[in-house]
Amino acid sequence: MADKNWLNENEKWLKTIVSLVDTELGQSAKTELYDAITKMSGEKPTTVDSTSTHQIVLATTENQNLISHQLFDRLNDEGYIIRTITEHEKPTILLSAKTDKGLLYASFHFLRLIQTKQHLGSLNIVENPKNQLRMINHWDNMDGSIERGYAGKSIFFENNAFTTNLERIKDYARILSSVGINAISINNVNVHTVETKLITDEFLPDVATVANIFRSYGIQTFLSINYASPIQLGQLTTADPLDPTVRNWWKEKAKDVYRFIPDFGGFVVKADSEHRPGPFTYERNHADGSNMLAEALEPFGGIVIWRCFVYNCMQDWRDRKTDRARAAYDHFKPLDGQFYDNVVLQIKNGPMDFQVREANSPLFGAMTKTNQILEFQVTQEYTGQQIDLCYLISQWKEILEFDTFAAGAGTPIKRIVDGSTFENKISGIAAVSNIGNDDNWTGHQLAQANLYGYGRLIWNPDLSTEVITDEWVRATFGHDPEVVEHVTAMLFDSWPIYENYTSPLGVGWMVNPNHHYGPNVDGYEYSVWGTYHFADNEGIGVDRTVSSGTGYTAQYFKENKEIYESLEICPDDLLLFFHHVPYTHKLQSGVTVIQHIYNTHFEGVEQAIGLMERWSLLKDKVDEERYQNVMNRLNQQIENAKQWRDMINTYFFRKSGIKDEKNRTIY
Ligand code: GCW
């Protein structure tokens with residue numbers, strides 16, 4: 001609800017909405033404006049040119065002559081202009097774009113201006129998304145479960161069928177579109193038996209229904225596919241990508257899919273990863289596998305999103321040579337130049353797996369002739385599972401700003417994945433969604449900020465975390481200065497806090513196996529997953545140097561390689577990711593590794609309590625439901641943090657025999 005003073009000054013603008021665009025997306029743009037303005041101002045605007053003194057006009061380039069067409073040269077197909085002008089002596093806010101899709105984004109931007117109480121009298125906004133593909137991946141299964149989902153069940157599937165609750169899907173489309181998302185894959189990358197049939201006549205009509213909903217909000221639908229489909233669905237004996245019958249099978253399959261969904265986006269593929277089938281079975285490589293699918297989709301304009309999360313998940317822990325962090329680069333870099341141009345590689349932000357802190361994947365920028373997009377994880381698998389608060393925008397911002405040196409100094413990851421550095425045909429960012437059918441969508445009320453922030457940040461990675469956060473806090477909780485101050489501080493503090501009480505100095509893991517919540521220092525230490533900390537009585541950390549370790553540091557461009565290789569200048573927060581050091585090793589911060597472990601774990605719990613205390617100050621300022629939702633989770637978070645503190649501190653005290661300098665309780 002916009003506040004009174006602001007409304008008094010600006011409500012004249014909200015009386016009339018004239019739309020000159022009658023397409024489906026144009027309708028969506030108008031309806032969103034109309035409904036939201038009605039809600040916020042308490043009055044229904046008129047939609048015909050009326051006697052009101054001011055007006056909002058929606059028009060695409062073609063159907064407007066209010067501003068110079070040259071201005072539109074600055075727009076791409078999803079960009080827009082919002083301008084305050086005078087038309088026939090009537091003050092007008094013009095929302096305009098080359099396409100109706102741009103217009104939809106303009107509407108949402110305009111609503112954001114209202115929600116953040118900007119003055120509407122002299123607007124002059126030109127916006128283009130910086131990334132082409134702005135995607136959300138779902139890990140939803142058709143039985144309704146969600147792999148790594150922490151906000152209830154799937155909004156798409158139940159009982160091995162599609163849901164009938166299409167309203168919820170529509171609301172989701174609106175949410176995503178409001179932050180600029182333009183692509184979605186609706187099923188888990190681990191494609192099980194029933195889901196394999198999503199590309200058959202049995203389910204394609206349902207996929208088409210969902211795709212229709214997303215289309216009306218400018219979002220293209222993708223499916224994750226099972227690489228072994230020709231065997232499982234087609235009764236072929238092989239899925240060999242070089243076998244002509246297999247290639248033909250996929251071509252026919254692509255025709256089927258496009259018969260139902262003419263603007264289908266394409267396939268997302270997890271192959272040869274964590275026991276999923278792939279081209280390795282046939283002694284073929286990932287270029288062979290992805291190109292086969294690309295060839296089938298090409299006539300229809302579809303693309304193949306091929307994931308690089310490929311590593312040996314059957315490792316022997318005694319084998320000190322194999323390093324999971326190396327795997328993606330080792331598999332894919334040699335194939336640079338061999339992928340068709342409608343293949344795009346999807347690379348997780350880190351070389352391991354969405355840890356609270358890990359190095360950035362050295363693959364970014366390493367393949368100059370291959371399309372690549374980045375994959376984040378909005379769902380908080382390793383970052384508190386939407387029980388603990390962990391605001392991820394600060395983390396993602398740091399990752400996007402990381403200088404790879406791929407084309408000399410000043411080649412941050414954001415400029416690689418937006419396609420500008422190597423002029424890629426396809427580029428962008430994808431992330432695993434954090435929503436489910438919980439009433440508040442994300443389980444933890446404040447976890448909504450991660451989804452919102454994700455969309456805003458990938459629309460424009462140059463936006464500051466402060467701006468994004470402020471938008472979300474005000475749009476969600478209003479403008480009371482105390483509420484804004486405390487919620488903002490909680491969000492900002494939460495990632496460092498989570499890092500403090502969990503695994504230290506970039507070493508990662510130390511979580512309970514399988515579900516990944518809560519501490520278990522040796523949970524993965526003697527397992528097949530390749531995620532080790534190598535702690536003994538003298539020291540801890542993974543030696544990934546060239547000089548004495550796995551050689552992983554050599555995958556970075558020289559400038560970064562030199563930093564990570566050096567014990568002296570390797571950043572503290574990644575020290576144990578790159579080096580094995582004695583507990584008495586002195587960090588750049590001046591404290592020893594062991595004392596750092598103790599300090600951060602004691603501090604982390606205090607800080608978690610601090611979060612709860614801050615929130616309690618808002619008791620009378622936030623409605624009861626949301627207040628309790630967050631309070632309950634903060635209390636669980638405190639218990640989790642204590643568990644982490646005591647397990648980690650005790651473990652390392654017992655291993656090292658070194659006492660806490662401050663004599664705090666260690667068990
Ligand atoms: O992090 C791991 C998760 C798996 C997931 C996999 C992947 C979908 O623990 O649940 O599988 O990553 O990204 O493929």
Side-chain angles (χ1 to χ4, degrees), residues 135-151 154 156-157 184-196 198 222-228 267-278 280 286 289-290 304-315 324-325 327-328 331-332 345-359 361 363 372-386 390 392 395 429-436 502-503 508-518 520 523-524 527-532:
M135 188 169 200
I136 274 289
N137 296 155
H138 275 260
W139 287 356
D140 294 26
N141 301 313
M142 289 194 71
D143 64 3
S145 64
I146 303 177
E147 184 154 347
R148 312 306 177 188
Y150 311 105
S154 173
F156 297 111
F157 311 114
I184 187 166
S185 59
I186 59 172
N187 65 305
N188 191 355
V189 288
N190 291 324
V191 186
H192 307 294
T193 314
V194 189
E195 294 80 359
T196 300
L198 280 167
F222 289 68
L223 290 172
S224 300
I225 56 106
N226 179 344
Y227 189 81
F267 297 145
V268 177
V269 194
K270 173 175 178 176
D272 290 316
S273 163
E274 301 185 329
H275 310 294
R276 305 313 301 157
F280 285 172
H286 289 282
S290 56
V304 177
I305 300 179
W306 190 270
R307 295 176 86 235
C308 293
F309 187 58
V310 178
Y311 67 98
N312 177 4
C313 68
M314 294 299 282
Q315 196 181 324
R324 171 165 162 182
H331 281 298
F332 286 91
L345 300 184
Q346 179 162 310
I347 307 168
K348 287 192 182 183
N349 61 267
M352 296 299 281
D353 198 8
F354 302 133
Q355 300 300 290
V356 66
R357 171 82 60 183
E358 63 177 292
S361 172
L363 253 190
Q372 47 189 282
I373 61 175
L374 170 98
E375 177 176 341
F376 286 132
Q377 195 184 43
V378 190
T379 194
Q380 292 171 239
E381 175 177 0
Y382 296 98
T383 50
Q385 306 199 348
Q386 283 137 255
C390 192
L392 293 165
Q395 186 197 49
I429 301 183
V432 187
S433 181
N434 66 346
I435 70 107
T502 56
S503 60
W509 310 97
M510 301 190 180
V511 287
N512 281 306
N514 307 321
H515 63 72
H516 298 166
Y517 188 75
N520 186 339
Y524 279 114
S527 78
V528 291
W529 297 94
T531 55
Y532 314 117

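Remember, it's 1-based here, ligands and their atoms both numbered in the order they're listed.
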Distance filter under 4.0 Å to F309 heavy atoms, resulting ligand 1 atoms: 6 (C), 7 (C), 12 (O), 13 (O), 14 (O)
Heteroatom distance test (W139, ligand 1): nitrogen or oxygen, under 3.5 angstrom: no
The one among K270, R307, Q377 that brings a heavy atom closest to atom 13 (O) of ligand 1: R307
Nearest candidate to atom 2 (C) of ligand 1, where distance is taken over non-hydrogen atoms, out of V432, T379, D353: D353
Proximal ligand 1 atoms for N188, defined as those under 4.0 Å from one of its heavy atoms: 8 (C)
Y311/H331 aromatic ring centres below 6.0 Å: no
Near-ring test Y524/H516, centroid separation under 6.0 angstrom: yes
Contact (N/O only, under 3.5 Å) between S273 and ligand 1: no
K348 N/O under 3.5 Å from ligand 1 N/O: yes
Atom indices of ligand 1, in the order listed, that fall short of 4.0 Å to a heavy atom of E147: 4 (C), 5 (C), 8 (C), 10 (O), 11 (O)
Polar atom proximity, E375 to ligand 1 (N or O, under 3.5 Å): no
Per-atom contacts of ligand 1 with H516, taking only distances under 4.0 Å to non-hydrogen atoms: 9 (O)
